[in-house]
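Presented below is the structure to which this report refers.
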Amino acid sequence: MTTTSTQVASPPELRAEVLAALQARARPSLYVTPACTPANAGCLLVVDSDGPYAHGRVVGLAIPAPAPGTGWRLGCTRCHDPIGEDDSPRGVCTACTADRAGQ
Ligand SMILES: [Zn+2]
């Protein structure tokens, strides 16, 4: 048996685990995918693929808890600060949104 680092779609069990930990509103359009930027290594991007966005709407970053097996939390895709699904419509915290708007 060999293991590869090939990125594949996250298995359904992982998706279920992550979405349950994040207490996301359950809906079939939500999926998780490995975050591909180095700063987000080990994290999963949570995407809502339903709607007018070709590649889905980013809900946020699923960040593994520091202690193994203690779950996941939803964080800002830019700074990893905790965010809420409803107050961060693009998966970016208020501070980062303001930061981006001010430049
Ligand atoms: Zn942020």
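The first residue in the sequence is number 1, and the count goes up from there. Keep in mind that this is a model prediction, so the values were computed, not measured.
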(message) Just verifying a value: how many Å separate R90 CZ and C76 SG, rounded to the nearest 0.5 Å?
(response) 12.0 Å
(message) My understanding is that only residues two or more places apart in sequence, or in another chain, count here; which of them pass salt bridge (Lys or Arg N to Asp or Glu O under 4.0 Å) with E85?
(response) R25, R27
(request) Is it possible for you to say whether L74 and V92 belong to one hydrophobic cluster, with membership spreading through side-chain heavy-atom contacts below 4.5 Å? (result) no
(request) Return each pair, listed once, that meets salt bridge (charged side-chain N to carboxylate O under 4.0 Å, His left out) where at least one residue sits in residues 61-84; pairs must be two or more places apart or across chains. (result) none
(message) If I compare all heavy atoms of V18 with all of A62, which pair ends up nearest, and what's the gap?
(response) CG1-CB, 3.6 Å
(request) Indicate yes or no for a side-chain donor-acceptor contact from T77 to the backbone of G91 under 3.5 Å, with no hydrogens or angles considered. (result) yes
(request) Kindly compute the distance separating SG (C79) from CG (L61), expressed to the nearest 0.5 Å. (result) 10.0 Å
(request) Looking only at non-hydrogen atoms, find the nearest pair between R15 and Y31 and report the distance. (result) NE-CA, 4.0 Å
(message) Ignoring hydrogens, what is the shortest heavy-atom contact between V46 and L30? Give both atom names and the distance.
(response) CG1-CD2, 4.2 Å
(message) So which atom in L14 and which in W72 form the shortest heavy-atom distance, rounded to 0.1 Å?
(response) CD1-CZ2, 4.0 Å
(request) Could you state whether V58 and I63 fall into the same hydrophobic cluster, counting links through intermediate Ile, Leu, Val, Met, Phe, Trp or Tyr residues with side-chain heavy atoms under 4.5 angstrom apart? (result) yes
Side-chain donor/acceptor pairs under 3.5 Å, residues 37-45, sequence neighbours excluded:
unit_1 : atom_1 : unit_2 : atom_2 : d
T37    : OG1    : N40    : ND2    : 3.2
N40    : OD1    : H80    : NE2    : 2.6

(message) Taking I83's backbone N and O only, do any of them form a donor-acceptor pair with S88's side chain (distance below 3.5 Å, no angle check)?
(response) no
